[in-house]
Number of protein chains: 2
Amino acid sequence: MNAASSPPRWPAGFRSVSGCCGIKAADHADLALIASDRPASAAGVFTTNRVQAAPVTLCRERLNRAAPMRAWVVNSGIANACTGAEGREDAECMAAAAAAAAGCTPEEVFVSSTGSIGPRLPVDKIVPALSTLGEGLREDAVRETAQAIMTTDTRPKYGSCTLAVDGRPVTITAVAKGAGMIEPDMATMLAFFATDAAVEPEALNAALRTAVDQSFNRISVDGDRSTNDTVLLLANGAAGNAPLRETHGDWAAFADRLESLSLEMAKAIVGDGEGLSRTVTVAVTGACSRTDADRAARAVANSPLNKTAWAGGRPNWGRVMDALGYSGAEFDPERVTIDYNGCPAVREGRAALDDPDRLKRAAAAPHLDLSIDLGAGSASAVIYTCDLTAEYVRINL
Amino acid sequence: MNAASSPPRWPAGFRSVSGCCGIKAADHADLALIASDRPASAAGVFTTNRVQAAPVTLCRERLNRAAPMRAWVVNSGIANACTGAEGREDAECMAAAAAAAAGCTPEEVFVSSTGSIGPRLPVDKIVPALSTLGEGLREDAVRETAQAIMTTDTRPKYGSCTLAVDGRPVTITAVAKGAGMIEPDMATMLAFFATDAAVEPEALNAALRTAVDQSFNRISVDGDRSTNDTVLLLANGAAGNAPLRETHGDWAAFADRLESLSLEMAKAIVGDGEGLSRTVTVAVTGACSRTDADRAARAVANSPLNKTAWAGGRPNWGRVMDALGYSGAEFDPERVTIDYNGCPAVREGRAALDDPDRLKRAAAAPHLDLSIDLGAGSASAVIYTCDLTAEYVRINL
């Protein structure tokens with residue numbers, strides 16, 4: 001997705017621009033603005049952390065107005081979290097400056113920040129930078145925008161898909177960032193989706209929630225949830241279709257594409273996890289309930305001892321059994337089945353000693369599909385994760 | 001506690017012996033037997049992991065008989081976990097051989113195993129080794145016993161304390177092992193307490209549960225709970241006191257000493273945490289409930305990003321705020337106070353910028369006392385933990 005021959009473009013009516021305001025080192029983009037040339041339906045999903053950054057609070061409030069929105073402004077390098085009333089003022093100030101650049105009202109602008117928790121935003125640098133950015137808004141600046149929102153991601157993350165709605169071409173384009181906390185003090189995953197489809201606000205919200213639940217809520221790098229996590233979606237209707245809702249004939253296709261693109265972005269975040277040497281998909285089946293399946297998958301995915309075993313490329317299934325056992329999921333240990341990349345490791349809760357050498361080879365592959373059947377029911381869940389390396393520790397010291 | 005001039009001794013009536021049965025490399029002790037010369041009241045606390053090793057199941061059942069017990073046999077190197085019905089038979093076989101050596105019945109013997117999950121116990125080696133061990137039982141073999149139950153702990157863990165009950169001297173002696181999972185496939189924390197006090201079984205059980213709750217249940221190296229965790233306590237009454245119960249005048253002193261010794265053993269385990277460079281005490285106060293305080297302390301203690309920041313000796317309080325925020329505890333972020341070794345880091349949820357250099361020095365000390373006041377109530381909780389280093393990852397690859 002990151003290697004198109006011609007520069008990727010936003011859906012009709014959207015443009016973006018990035019710039020440097022000096023939060024990061026010189027010549028490193030740290031500011032981005034994405035704007036729609038017309039009012040757009042908006043949906044958003046935010047961190048559930050009790051400690052929420054000022055821009056997250058601001059986005060929530062603007063979304064609750066249920067009014068059309070026009071733009072998203074984001075800075076990288078400072079998270080504007082744990083900054084009190086001044087942090088809120090700074091976020092509003094940033095929205096106002098972005099509104100002037102985008103040609104809309106401050107209330108029509110979403111704000112996001114990502115980076116260090118604690119410091120105040122240098123609005124004295126951000127506001128002047130934004131005042132000149134408006135002129136540079138371009139339809140093909142997707143990649144630059146994805147780059148400007150990186151903290152210490154090693155590569156920009158963006159993607160696009162098209163479908164037909166009412167026989168008209170519709171595009172969904174996304175930019176995302178996040179890699180755990182690659183550099184000291186850096187946090188947050190952010191994703192922004194734009195589409196030129198016309199979508200009714202309630203349906204848009206439902207589609208985004210479902211998509212996020214199946215993608216961004218299915219990934220884990222280190223189990224630490226940030227204060228700034230934000231996913232936003234704007235639908236500006238420039239495609240001219242009859243507004244999408246659940247009863248529209250093309251609704252399922254739209255929701256499906258949105259979910260696929262979300263999953264692509266979510267996997268790109270895991271694939272850029274800090275210091276990783278191996279990605280791992282933990283798939284739990286045979287659980288009594290979806291909640292149990294989810295608990296079991298997360299316990300395995302977040303266990304330091306499993307993560308280090310994956311870094312070593314070893315089929316250490318005892319650690320998988322151990323994590324399942326304390327996950328809180330209900331099951332009978334003697335009915336558990338575990339496969340490493342399709343190779344049997346555990347049958348009936350004990351070593352499946354079919355071919356130990358084949359199992360070792362399977363566990364050492366660059367990507368690991370870990371399939372766990374609890375043998376207790378019919379519910380399932382998947383978590384996309386990565387290993388824990390000495391490099392992760394060095395990065396986060 | 002580990003450097004007495006004369007070899008440490010068991011309480012009156014207890015003796016122990018260790019030996020090599022060949023599970024570990026040659027000449028490394030991997031088998032231990034502790035026996036009382038008379039029947040003893042017994043209490044035990046075991047892992048809550050749904051996947052429980054065969055010896056844990058056996059210990060639970062023997063404890064449920066509520067009959068006096070005589071001995072504890074333990075092997076290191078193999079956990080006898082995920083081994084099905086054969087694993088259970090192996091544990092019973094080991095108990096029978098230990099009973100012959102200790103001069104009691106098989107039902108009077110507790111069994112523990114620690115080491116790799118999956119392989120079967122080599123009972124063909126364990127049984128012959130036990131048959132010759134009985135002759136070597138000694139009153140001063142505490143240290144050797146602590147050594148024999150180590151997997152890859154870097155040092156033996158044992159301790160002792162005395163008090164007067166009915167004016168008679170009473171001793172409590174403990175051996176423990178555990179360091180997270182220092183070597184690939186190695187697991188489990190074990191602790192065994194012996195006292196020559198006479199204690200009524202129900203009171204003994206209550207005292208042990210309270211002691212464990214305030215000590216072993218307050219430590220965390222990596223958040224992974226093992227399939228084999230076991231704490232056992234035998235009280236053989238050789239001191240000749242009137243049996244202790246809650247109404248006895250010396251009860252509080254006994255319970256208090258037991259708790260102190262438990263905490264000493266628990267801290268010894270954390271202090272030997274795999275690859276650690278710094279121990280950390282996370283103390284949460286001002287919580288709405290004990291549960292909230294516990295959740296908050298555990299979230300901070302188990303967060304990879306906090307653990308790596310501690311390894312770097314950095315006062316990265318944003319990561320503490322982040323973990324508190326997703327802990328599930330109720331609090332207002334703007335009322336949070338955080339100190340690093342007594343130095344203010346956070347006041348009212350924001351940076352306490354009293355003296356940044358002093359804060360940096362405080363965070364870099366060999367031990368970190370992290371004090372967190374949630375400002376929401378009066379409940380508190382403490383977790384004893386350690387940092388996460390690149391060495392931990394290398395050890396567990």
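A note on names: the letters A, B, ... follow the listed sequences, proteins ahead of strands, and every chain is numbered from 1.
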A.B. asks: Closest approach of A:Leu397 and B:Ala311, non-hydrogen atoms and distance?
C.D. replies: CD2-CB, 3.5 Å
A.B. asks: Mind running side-chain contact (heavy atoms from CB on, under 4.5 Å) on B:Asp322 and A:Val51 for me, showing each step along the way?
C.D. replies: CA-CA 6 Å; B:Asp322 185 67; A:Val51 178; over 6 Å; no
A.B. asks: Return the option, out of B:Thr48, B:Thr389, B:Val336, B:Asp387, with the maximum number of heavy-atom pairs under 4.5 Å with chain A.
C.D. replies: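 Among B:Thr48, B:Thr389, B:Val336, B:Asp387, the one with the most close pairs to chain A is B:Thr389.
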A.B. asks: Does A:Arg60 have more than 12 heavy atoms from other residues, nucleotides or ligands lying within 6.0 Å of its CZ?
C.D. replies: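 For A:Arg60, atom CZ is crowded (more than 12 foreign heavy atoms under 6.0 Å).
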A.B. asks: Can you tell me which of A:Glu330, A:Gln52, A:Met321 forms the most heavy-atom pairs within a distance under 4.5 Å of chain B?
C.D. replies: A:Glu330
A.B. asks: Which answer fits B:Ala299, side chain, backbone, both or neither, if we ask what part of it has an atom under 4.5 Å from a heavy atom of chain A?
C.D. replies: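 Answer is neither: B:Ala299 stays 4.5 Å or more from chain A.
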A.B. asks: Could you pull out all residues at least two apart from A:Ala379 that satisfy side chain to side chain contact (heavy atoms under 4.5 Å, CB included)?
C.D. replies: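 Checked A:Ala379 against side chain to side chain contact (heavy atoms under 4.5 Å, CB included); matches are A:Ala287.
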A.B. asks: Can you give me the closest heavy-atom contact between B:Val393 and A:Thr308, atom names plus distance?
C.D. replies: CA-CG2, 3.9 Å
A.B. asks: Is it true that, when you exclude B:Glu391 itself, more than 12 heavy atoms of the residues, nucleotides or ligands shown sit nearer than 6.0 Å to its CD?
C.D. replies: yes
A.B. asks: State, to 0.1 Å, how close B:Ala390 and A:Ala390 come at their nearest heavy-atom pair, and which atoms those are.
C.D. replies: CB-CB, 3.7 Å
A.B. asks: Give the minimum heavy-atom separation between B:Ile117 and A:Gly318, together with the two atoms involved.
C.D. replies: CD1-O, 3.5 Å
A.B. asks: Do you know the tightest heavy-atom contact between A:Gly118 and B:Trp317?
C.D. replies: CA-CH2, 3.6 Å
A.B. asks: Who wins among B:Ala329, B:Gly328, B:Ala309 for the most heavy-atom pairs under 4.5 Å with chain A?
C.D. replies: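 Of the candidates given, the most pairs with chain A belong to B:Ala329.
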